[in-house]
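Every chain is numbered from 1, with letters handed out A, B, ... down the list of sequences. What you are looking at is a predicted structure, and each value in this text was computed from that prediction instead of being measured.
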There are 2 protein chains.
Amino acid sequence: MTIESSERLLTPGEVALMFRVDPKTVTRWASAGRIGSIRTPGGHRRFRESEVSALLADLTMEASRTSA
Amino acid sequence: MTIESSERLLTPGEVALMFRVDPKTVTRWASAGRIGSIRTPGGHRRFRESEVSALLADLTMEASRTSA
DNA sequence: TCCAATTCGGGTAATTTGGGCG
DNA sequence: GATGTCCAAATTACCCGAATTG
């Protein structure tokens, strides 16, 4: 194997754990276009780790700003 | 020339990394005819890099859905 | 030929999907 | 409008031993 995985992909369950929400909610975010998603040929969603992390960091930043 | 240098072949493990799935799943895609596969004399599957990339690109959309 | 890693096969859990409800 | 939960069906993940790969 000599493939360079330029972008890590996350499963709905993994993203759900990161945000502490139900996987169904992550699915809704994808359907609403709030998060870009890749579908496997079987129809399951995969999310870009960079995009998810950025969004998470964004929300975290807003939270601290609000609470401050 | 008879040998096409663009005829790069990928192993099930490499394709699995690209889609963030189990190599076994890639095998199922091949068996189901979702992806074209080539068999080695020993029975192992190989996938065309161009075909896999195209498939991945097709399923990668919906990242920028803002206007309708 | 030997060896480490991968990929066969099958079989069985776990996850994901989609719709509808509160 | 946004989440979480229930349901059935589909897809995917992990288990094994044996074979292929390089």
Base-pairing string, 5' to 3', of DNA chain C - Watson-Crick or wobble, under 3.5 Å, | interstrand:
..|||||||||||||||||.|.
Would you check if A:P23 and A:R45 make a side-chain contact, meaning some heavy-atom pair closer than 4.5 Å?
no
Contact list (N/O, under 3.5 angstrom) for nucleotides 19-22 of chain C vs protein:
from: C:dG19; atom 1: N7; to: A:K24; atom 2: NZ; distance (Å): 3.0
from: C:dG19; atom 1: O6; to: A:K24; atom 2: NZ; distance (Å): 2.8

Please tabulate, one pair per line, each protein N/O and nucleotide N/O from nucleotides 17-19 of chain D that are separated by under 3.5 Å, including the distance.
none

Grouping ILVMFWY residues whenever side-chain heavy atoms fall under 4.5 Å, the cluster of B:L9 otherwise contains B:I38
Rounded to whole angstrom units, what separation is found between the CG atom of B:D22 and the P atom of C:dT6?
13 Å
Please round to the nearest 0.5 Å and tell me the distance separating atom OG of A:S37 and atom CG of A:L10.
12.5 Å
Qualifying residues under salt bridge (Lys or Arg N to Asp or Glu O under 4.0 Å), relative to B:R48, sequence neighbours excluded:
B:E7
For residues A:L17 and A:L56: do they belong to one hydrophobic cluster (side chain heavy atoms under 4.5 Å, members Ile, Leu, Val, Met, Phe, Trp, Tyr)?
no
Of the non-hydrogen atoms in B:V21 and A:T40, which two are nearest, and what is the gap between them?
CG1-CG2, 3.9 Å
Whole Å only: how far is the CZ atom of A:R39 from the C1' atom of D:dT12?
14 Å
With sequence neighbours left out, what residues match B:R46 under side-chain hydrogen bond (donor to acceptor under 3.5 Å, both in side chains)?
none
Check every atom of D:dT11, C:dC8, C:dT16 against the side chain of A:P23 and return the nucleotide holding the closest atom.
C:dT16
To the side chain of A:R45, which of C:dG18, D:dT12, C:dC8 is closest?
C:dG18
Can a side chain N or O of A:R34 be found less than 4.0 Å away from OP1 or OP2 on D:dA2?
yes
Listed partners of A:S53 passing side-chain hydrogen bond (donor to acceptor under 3.5 Å, both in side chains), at least two apart:
A:E49
Which residues in residues 9-20 of chain A have a heavy atom closer than 4.0 Å to any atom of DNA chain D?
none
Distance test, side-chain N/O of B:W29 to OP1/OP2 of D:dT11, below 4.0 Å:
no
For residues 27-60 of chain A, the ring pair (Phe, Tyr, Trp, His ring centres under 6.0 Å) pairs (sequence neighbours left out) are A:F19-A:W29
A:T25 side chain near D:dT3 phosphate (N/O to OP1/OP2, under 4.0 Å):
no
Enumerate the salt bridge (Lys or Arg N to Asp or Glu O under 4.0 Å) contacts for residues 10-30 of chain A, please, sequence neighbours excluded, ordered by first and then second residue.
A:E14-B:R20
Taking only the side-chain nitrogens and oxygens of A:T27, find out if one of them lies under 4.0 Å from OP1 or OP2 of C:dG18.
no
